[in-house]
Number of protein chains: 2
Amino acid sequence: MKPLEGIRVLDFSQIHGATFSTMLLADFGAEVIKVEKVNEGDKLRNLAPKIDDYSAYHAYLNRGKKSIAVDLKTEEGKDIIKEMVKHVDVVCENFKYGTMDKLGIGYETLSKINPKLVYASLTGYGRSGEKKERACFDNTAQAFSSMLDMTGYGGGAPITMGAQLGNLYGGMHLALGIVLAVINVRKGGEGQMIDVSASDSLFSVLEDGMVDIEFNGHHHIRNGNMSQAIAPYDTYATTDGFVSIGVSTDDQWEKFCEALGLEDLLGDPRYATNSLRGEHYLDGGLRDKIEAITMTKTKFEIEEILSARKIPCGSVCTAMEAIESEQLKHRQMVITVSDPVVGEVSMPGIVAKLSQTPGTVTKPAPVLGEDTGDLLKEIGYDDSKIAELKEASVIGTAK
Amino acid sequence: MKPLEGIRVLDFSQIHGATFSTMLLADFGAEVIKVEKVNEGDKLRNLAPKIDDYSAYHAYLNRGKKSIAVDLKTEEGKDIIKEMVKHVDVVCENFKYGTMDKLGIGYETLSKINPKLVYASLTGYGRSGEKKERACFDNTAQAFSSMLDMTGYGGGAPITMGAQLGNLYGGMHLALGIVLAVINVRKGGEGQMIDVSASDSLFSVLEDGMVDIEFNGHHHIRNGNMSQAIAPYDTYATTDGFVSIGVSTDDQWEKFCEALGLEDLLGDPRYATNSLRGEHYLDGGLRDKIEAITMTKTKFEIEEILSARKIPCGSVCTAMEAIESEQLKHRQMVITVSDPVVGEVSMPGIVAKLSQTPGTVTKPAPVLGEDTGDLLKEIGYDDSKIAELKEASVIGTAK
């Protein structure tokens with residue numbers, strides 16, 4: 001029995017962000033009921049990458065969920081939601097701030113119907129403050145939080161991170177918040193609102209950077225692949241790509257120099273301590289001396305040489321190299337799910353490995369509206385009423 | 001009453017990663033008992049940034065925790081841990097794989113003493129697979145997961161992200177896994193091992209990138225600040241810095257052009273759809289035309305002009321600009337904690353805003369060993385035994 005079995009989530013999430021949160025909940029046993037537009041469904045269903053005409057992105061983020069198609073702009077559609085809310089533990093959504101209220105099914109309305117309801121909202125800037133109504137993409141959250149300013153080379157432009165980490169990091173906080181609020185209800189407490197923003201999430205990970213600025217007035221300057229605390233800590237060119245290395249202790253420094261045939265550096269007083277190595281890293285030519293060696297070997301050769309000496313070192317893998325690595329295969333980080341539409345679909349596996357109650361994918365992503373009929377019957381709608389609502393396009397059912 | 005009140009965590013986390021996980025648990029009510037080296041303490045206590053000689057980084061990540069100082073290499077020290085494990089719900093650690101086993105207090109030993117124990121481990125590569133014993137820094141996890149390969153400009157070097165996102169993202173999964181496993185125990189289940197790695201965590205967020213490669217054989221090429229799906233979606237120079245913008249719908253495109261005085265682009269068939277704008281973005285001169293305008297204004301001017309038209313747009317803030325923004329102040333994302341050593345310490349606030357049982361920081365980071373005496377008494381050690389253990393440096397207490 002999975003930890004979240006018995007927890008029911010009415011999930012209005014669209015595309016990304018909160019869609020990821022409810023996927024995590026489904027992996028660990030929650031019953032997630034995805035609410036979608038009649039005919040159209042979640043926009044994610046049309047986003048690339050696709051297999052034939054089927055979105056593999058949707059197949060991934062909506063795995064393990066049910067689907068009901070309801071027109072939220074009709075009174076009868078809203079009535080369905082208000083009735084369903086009596087039977088769920090959680091409502092989750094990532095609409096723009098105010099959308100659910102405008103639809104007449106906002107937190108205030110729904111929590112009156114079900115005072116135990118946990119209502120979880122993920123937005124770009126949060127549900128308060130002057131920016132709360134602003135449109136936000138992942139890049140603008142990265143920009144505002146200053147994460148963008150911290151990524152890239154000091155002389156060049158700031159760089160957007162290679163994944164939608166504002167949405168995803170916010171999605172993790174939302175999932176954690178939901179589980180905490182569910183625990184609170186199970187202990188006899190009331191329901192509540194959980195308000196998470198992508199911008200807050202990214203800002204919170206500036207960590208020491210932020211503290212440093214607050215206390216010491218340092219303006220953090222993005223510095224490519226280097227660290228402010230450790231040297232050498234950098235990414236170097238090789239014959240066939242790049243390799244990332246970190247050398248923090250004096251013991252590691254000695255092993256590092258021996259491994260790469262750089263023993264002459266060991267006697268050099270400019271490089272005697274981590275702090276001195278940092279000082280003389282660029283101007284003192286240390287970086288160039290290291291890269292002169294790495295450029296004579298492949299990235300995997302460098303990785304093997306240094307890893308054998310317990311020095312942190314990783315080849316910069318392409319996605320395909322990572323996918324095909326023995327390590328990630330062993331970790332079951334690429335799984336396949338059998339989908340009725342397109343057959344076997346590969347997708348990322350489950351990160352948190354619980355030994356006794358592991359997360360699993362119990363079913364593929366739903367066909368649009370495949371659970372509408374069953375779920376409406378469960379809350380008291382009979383066949384003729386369901387047919388009538390379908391005829392009026394208030395609901396949609398799978399063909 | 002906070003959601004995690006009554007949950008006790010024996011926390012062996014050092015420096016970063018899992019230290020962040022247990023901070024999240026403490027914010028939401030868990031009693032986190034940090035186990036540290038006698039005299040020395042967690043290395044984090046010595047890491048910059050510092051206020052006078054006190055680590056503000058430690059003040060942040062160890063807020064809300066207790067501290068006991070125990071020498072884990074002595075038999076009497078191990079006995080203390082084995083006794084304490086009977087009285088806690090969770091053990092958390094981020095040592096290199098195998099360290100706790102070598103100390104004789106690994107999962108197998110501790111779970112026999114307390115079968116309800118949740119044992120949570122965060123490592124660079126995980127507790128299985130060929131790389132499990134390898135040393136790992138955040139940059140090497142970013143490299144191996146291929147996140148590094150996805151960040152930066154196609155023609156240039158891959159770029160390390162501006163924060164330790166492998167550790168932090170892994171830390172989020174660990175916190176979620178712990179809470180799920182605690183729920184399982186509360187439902188009558190047994191304890192279990194939670195195994196999370198920084199590399200798995202980062203790999204899992206490649207998302208559509210990974211799916212695309214699997215299905216379509218595309219080799220993802222890092223592309224600076226651009227998106228593969230949306231154009232324009234980029235970061236542009238202004239008179240005083242940079243601004244990130246995303247324009248996805250045709251309606252937004254029209255408003256965007258009007259707002260920036262680029263109406264002549266609206267009739268241009270090369271830019272008629274999102275897909276065409278992507279095709280002609282670089283070669284068709286679209287990027288240059290946009291940047292020619294953004295370079296005539298400040299980043300905040302551009303942000304205001306476009307935000308007023310509901311187009312996602314964010315100035316690339318420096319950390320100081322983010323800290324001082326009305327939005328993040330309103331969101332309470334910078335909080336101050338009163339510390340007995342250095343006075344008021346600023347640090348990031350709490351991301352998940354729970355309306356009824358909000359997270360709070362109840363106490364500053366502990367002085368090394370400040371709770372050793374109290375906690376040992378609680379498990380049956382008397383004053384003379386405590387004095388004896390202290391004399392023998394098996395334990396340390398706050399001076």
Side-chain angles (χ1 to χ4, degrees), chain A residues 3 49 51 56-57 126 129 131 135 137 139-140 143-144 146 148-151 158-163 168 172-173 176-177 179-180 183-184 192-193 195 200-201 204-205 208 211-215 225 244 246 307 310 312 314 316-317 319 322 327 330-331 333 346 348 351-353 355-357, chain B residues 3 49 51 56-57 126 129 131 134-135 137 139-140 143-144 146 148-151 158-163 168 172-173 176-177 179-180 183-184 192-193 195 200-201 204-205 208 211-215 225 244 246 310 312 314 316-317 319 322 327 330-331 333 346 348 351-353 355-357:
Chain A
I51 308 159
Y57 202 0
K131 287 184 193 278
F137 275 156
N139 66 340
T140 56
F144 173 57
S146 84
L148 235 155
D149 192 52
M150 295 213 176
T151 306
I159 302 276
T160 305
M161 297 182 293
L168 288 162
M172 289 288 326
H173 278 287
L176 181 63
V179 174
L180 291 172
I183 289 177
N184 181 59
Q192 57 187 315
M193 159 70 81
D195 166 11
D200 289 353
S201 302
S204 78
V205 298
D208 54 329
V211 177
D212 199 18
I213 288 156
E214 277 278 287
F215 286 108
N225 292 291
S244 292
S307 294
K310 299 189 189 304
V316 178
C317 289
Q327 181 66 25
H330 194 94
R331 299 289 292 170
M333 284 311 296
S346 294
V351 175
K353 315 275 185 208
S355 62
Q356 296 302 313
T357 59
Chain B
I51 308 160
Y57 203 178
K131 288 185 193 280
R134 289 203 176 176
F137 275 156
N139 66 340
T140 56
F144 173 57
S146 83
L148 235 156
D149 192 52
M150 296 212 174
T151 306
I159 302 277
T160 305
M161 297 182 295
L168 288 163
M172 289 288 325
H173 278 286
L176 181 63
V179 174
L180 291 173
I183 289 177
N184 182 59
Q192 58 187 315
M193 159 71 80
D195 165 11
D200 289 352
S201 303
S204 77
V205 297
D208 54 328
V211 176
D212 200 18
I213 288 156
E214 277 277 288
F215 286 110
N225 292 291
S244 292
K310 300 190 187 304
V316 178
C317 290
Q327 182 66 26
H330 195 96
R331 299 289 293 169
M333 284 311 297
S346 293
V351 175
K353 316 275 184 208
S355 61
Q356 295 302 313
T357 59

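The figures that follow rest on heavy atoms only: side chains count, while hydrogens, waters and symmetry mates do not. A note on names: the letters A, B, ... follow the listed sequences, proteins ahead of strands, and every chain is numbered from 1.
- For the options A:Pro348, A:Pro312, A:Gly162, A:Ser307, heavy-atom pairs under 4.5 Å to chain B are most numerous at A:Pro312.
- Both the backbone and the side chain of B:Leu168 have a heavy atom closer than 4.5 Å to some heavy atom of chain A.
- Per-residue heavy-atom pair counts under 4.5 Å with chain A were compared for B:Gly314, B:Ser146, B:Gly246, and the maximum is reached by B:Ser146.
- With no hydrogens or angles considered, a side-chain donor-acceptor pair links A:Asn225 and B:Thr160 at under 3.5 Å.
- Taking B:Gln356, B:His330, B:Gln192 one by one and counting their heavy-atom pairs under 4.5 Å with chain A, the maximum is reached by B:Gln192.
- Ranked by heavy-atom pairs under 4.5 Å with chain A, the first of B:Thr151, B:Val179, B:Val351 is B:Val351.
- Contact check for A:Met161 versus B:Ile159: no side-chain heavy atoms found under the 4.5 Å cut-off.
- The two residues B:Arg331 and B:Lys353 have their closest heavy-atom pair at O-NZ, 2.5 Å.
- Contact count against chain A (heavy-atom pairs under 4.5 Å) is highest for B:Asn139 among B:Leu176, B:Asn139, B:Thr357.
- No other option in A:Asp200, A:Val316, A:Asp149 has as many heavy-atom pairs under 4.5 Å with chain B as A:Asp200.
- Interface summary for chain A: among B:Gly126, B:Gly129, B:Gly177, the most heavy-atom pairs under 4.5 angstrom belong to B:Gly129.
- Here the closest heavy-atom approach between residue B:Lys131 and residue A:Gln327 is recorded as N-OE1, 2.7 Å.
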Evaluate the side-chain contact (heavy atoms from CB on, under 4.5 Å) criterion for residues B:Leu148 and A:Ser244: first the C-alpha distance (whole Å), next the side-chain angles of each, then the deciding distance (0.1 Å), finally the verdict. CA-CA 9 Å; B:Leu148 235 156; A:Ser244 292; 3.3 Å; yes
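- The candidate with the highest count of non-hydrogen atom pairs below 4.5 Å against chain B, out of A:Ser204, A:Cys317, A:Ala352, is A:Cys317.
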